[in-house]
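For reference, the structure is listed below as structure tokens.
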Protein chains: 2
Amino acid sequence: MENGDVDRTLSLLWRRTLGVPQGSRGPKQRFSVDEVIRAGIAVADEEGLPAFSMRKVADRLGLKLMSIYTYVPSRDELIGLMVDEVMGDPGLPPHEGGWRERLTVVARQMWDEFHRHPWLLQVEQARPWIGPNGSDRYEWQLAAIDGAGFTDLEMDQVITLISDFTAASARADVAARRTAEQSGISDAEWWAVNAPVLERLMPLDAYPISGRVGTVAGEEYNAVRDSERSFRFGLDRIFDGLDQLLGSRPQPPQA
Amino acid sequence: MENGDVDRTLSLLWRRTLGVPQGSRGPKQRFSVDEVIRAGIAVADEEGLPAFSMRKVADRLGLKLMSIYTYVPSRDELIGLMVDEVMGDPGLPPHEGGWRERLTVVARQMWDEFHRHPWLLQVEQARPWIGPNGSDRYEWQLAAIDGAGFTDLEMDQVITLISDFTAASARADVAARRTAEQSGISDAEWWAVNAPVLERLMPLDAYPISGRVGTVAGEEYNAVRDSERSFRFGLDRIFDGLDQLLGSRPQPPQA
DNA sequence: ACCAAATACCGTGAGGCATACGGAGTTAGG
DNA sequence: CCTAACTCCGTATGCCTCACGGTATTTGGT
């Protein structure tokens, strides 16, 4: 990663505050970087990241493959730009209520976003690019718990905790949905095919607890797993834990 | 996914209890499925999942590309087999102490495993294959909190919570390490290159909290982020939350 | 008014990937 | 001892990213 590359990428990310550095000579570009990014998002939304290709982005715009590279230096950069772009979509509503309510909003925003753009979960960021929308959001997330009584260090850790857990839950949920949809096989049908084979394979007495828990969970969920419910369960536990942490120290002036 | 495929894959996963169904005619295979799986794990350990290819597995064994397909039906199946294989490595030590200690061991085992085999985090399971080692581990994980006072439903949710959070934390940590190593650029150097550009781009007063928190975190961590520490912080909060849940109900006979 | 520099767009090709298919050689059951 | 069944592999198809160089277009400078 060269210094110039850093400049190039950051310039693209912050293009709105920086302006697009159009040279004046030569033909104008038929599209804008934003249109390329939006086309990329559309492709990724529809087909997922593994099937996301530069050719499809080009096709969608009516360009030929290699022209995309005049807008964006590489596939990875384009994906980085797409990530920051979608982070700007939902807006950052003003915080209301106590930190518990606020953190719920923070988590729910991420959860929804992962469901709107499941490919976000498949992005492997080499080094996280610091873009305007990501920065704004981080500031907004921190603001949700500012003054609640956490130390500065803890504030970062709390946001990390919520983000990490939400991402992992969403990952499980999205994976389950995608599989059900694209394979055309529901959980129930999948079990119908697998269960008899597994019953033959798995020594019955080797899994007493899994058997008990799995049966109860299956009946309760009407599915192998209810990710939404697990998400809420986890979030509630985490909030209780944070409560405990705050309760163990002198209260801040105003909650 | 046809019925026969299910059989084929499950047969491979449970090959130890089932025996490898060798037809008797024709030349014997030069290797075993296990050797292919181990070769695959070696490749993935060294190069990561994106660079993992059937050709490299073949090369490592001294076979030609297409011969691999006589052992294993496809790349995805091979990866599934690799996943269950590594889950058998660390063994399942007998549980000791209270549920807090036990869950710490459960989480730590996963954390370590994700660091030993970072490609586990990149695996996109379509439908999770139920293999022997995965099943054993799930049973062992449930056993860690059996009798602690959780309902059966909660037991599943607790293990999901710990697993999800651990995976997400490990993902962040592994990503940070990988980037630092393979780009040859340390966090400090990365900041040295990016900071001046960002200072020019980011309106200073737009990020008051991020600025304050980021500075404190940076000094405390000696890095942009200390994933290990965030992991422990999150785990402690989660345990406190679970404690709260258990405290709010009649105690079980024996803790 | 005209030329040359700068730029967008695109054709081609190199090198990578998974995997379908069919052929050649090998082994053992009948 | 023949032939079915099996392993191994060469080849081909159809994807992918991206480097490179060619051509057409636009405009600043003269």
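Proteins get letters first, then strands, A, B, ... in listed order; numbering begins at 1 in each.
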Contacts satisfying side chain to side chain donor-acceptor pair (under 3.5 Å) that involve residues 40-62 of chain B (not counting sequence neighbours) are B:D45-B:H117, B:D45-B:W119, B:E46-B:R60, B:E47-B:K56
Within residues 51-75 of chain B, which residues have any heavy atom lying less than 4.0 Å from an atom of DNA chain D?
B:L63, B:K64, B:M66, B:S67, B:T70, B:Y71
Provide the closest heavy-atom pair for B:D156 versus B:Y138 in the form atom of the first, atom of the second, distance.
OD1-OH, 2.7 Å
Quick one: list whatever passes side chain to side chain contact (heavy atoms under 4.5 Å, CB included) with B:D76, sequence neighbours left out.
B:S74
Assess, by modelled atom type and distance only, whether the side chains of A:Q157 and B:S230 contain a donor and an acceptor separated by less than 3.5 Å.
no
In residues 30-42 of chain B, what residues come within less than 4.0 Å of DNA chain D, judged by heavy atoms?
B:R30
Going by an N to O cut-off under 4.0 Å, is there a salt bridge joining B:R178 and B:D173?
no
With a 4.5 Å heavy-atom cut-off, do A:S135 and A:W14 have their side chains touching?
yes
Of all residues at least two apart in sequence or in a different chain, which pass the side chain to side chain contact (heavy atoms under 4.5 Å, CB included) check with A:D136?
A:L92, B:Y207
Of all pairs that satisfy side chain to side chain donor-acceptor pair (under 3.5 Å), the ones with a partner from residues 61-72 of chain B, not counting sequence neighbours:
none
Non-neighbouring partners of A:P73 that pass side chain to side chain contact (heavy atoms under 4.5 Å, CB included), sequence neighbours left out:
A:R8, A:L12, A:E77
Under a 4.0 Å heavy-atom criterion, DNA chain D is touched by chain B from D:dA4 to D:dT11
Figure out the CG/C1' separation between B:D76 and C:dC17, and round it to whole Å.
13 Å
Sequence neighbours excluded - salt bridge (Lys or Arg N to Asp or Glu O under 4.0 Å) pairs with any residue from residues 111-121 of chain A
A:E113-A:R137
Reported CZ-to-OG1 distance for the pair B:F231 and B:T166, which is rounded to 0.5 angstrom
4.0 Å
Side chain to side chain contact (heavy atoms under 4.5 Å, CB included) against A:E35, all qualifying residues, sequence neighbours excluded:
A:F31, A:S32, A:R38
Side-chain touch B:I130/B:L13, heavy atoms, less than 4.5 angstrom:
no
Within a strict 4.5 Å, meaning less than it, do heavy atoms of the B:F52 and B:R75 side chains meet?
yes
Only Watson-Crick and G-U wobble pairs with both distances less than 3.5 Å should count. Give DNA chain D in dot-bracket notation, marking inter-strand partners with |.
||||||||||||||||||||||||||||||
Quick test: give all pairs of protein nitrogen or oxygen and nucleotides 25-30 of chain C nitrogen or oxygen below 3.5 Å, distance rounded to 0.1 Å.
unit_1	atom_1	unit_2	atom_2	d
C:dT27	O2	B:G26	N	3.3

Test your reading of the model: is there a side-chain donor-acceptor pair from B:N133 to the backbone of B:D84, 3.5 Å cut-off?
yes
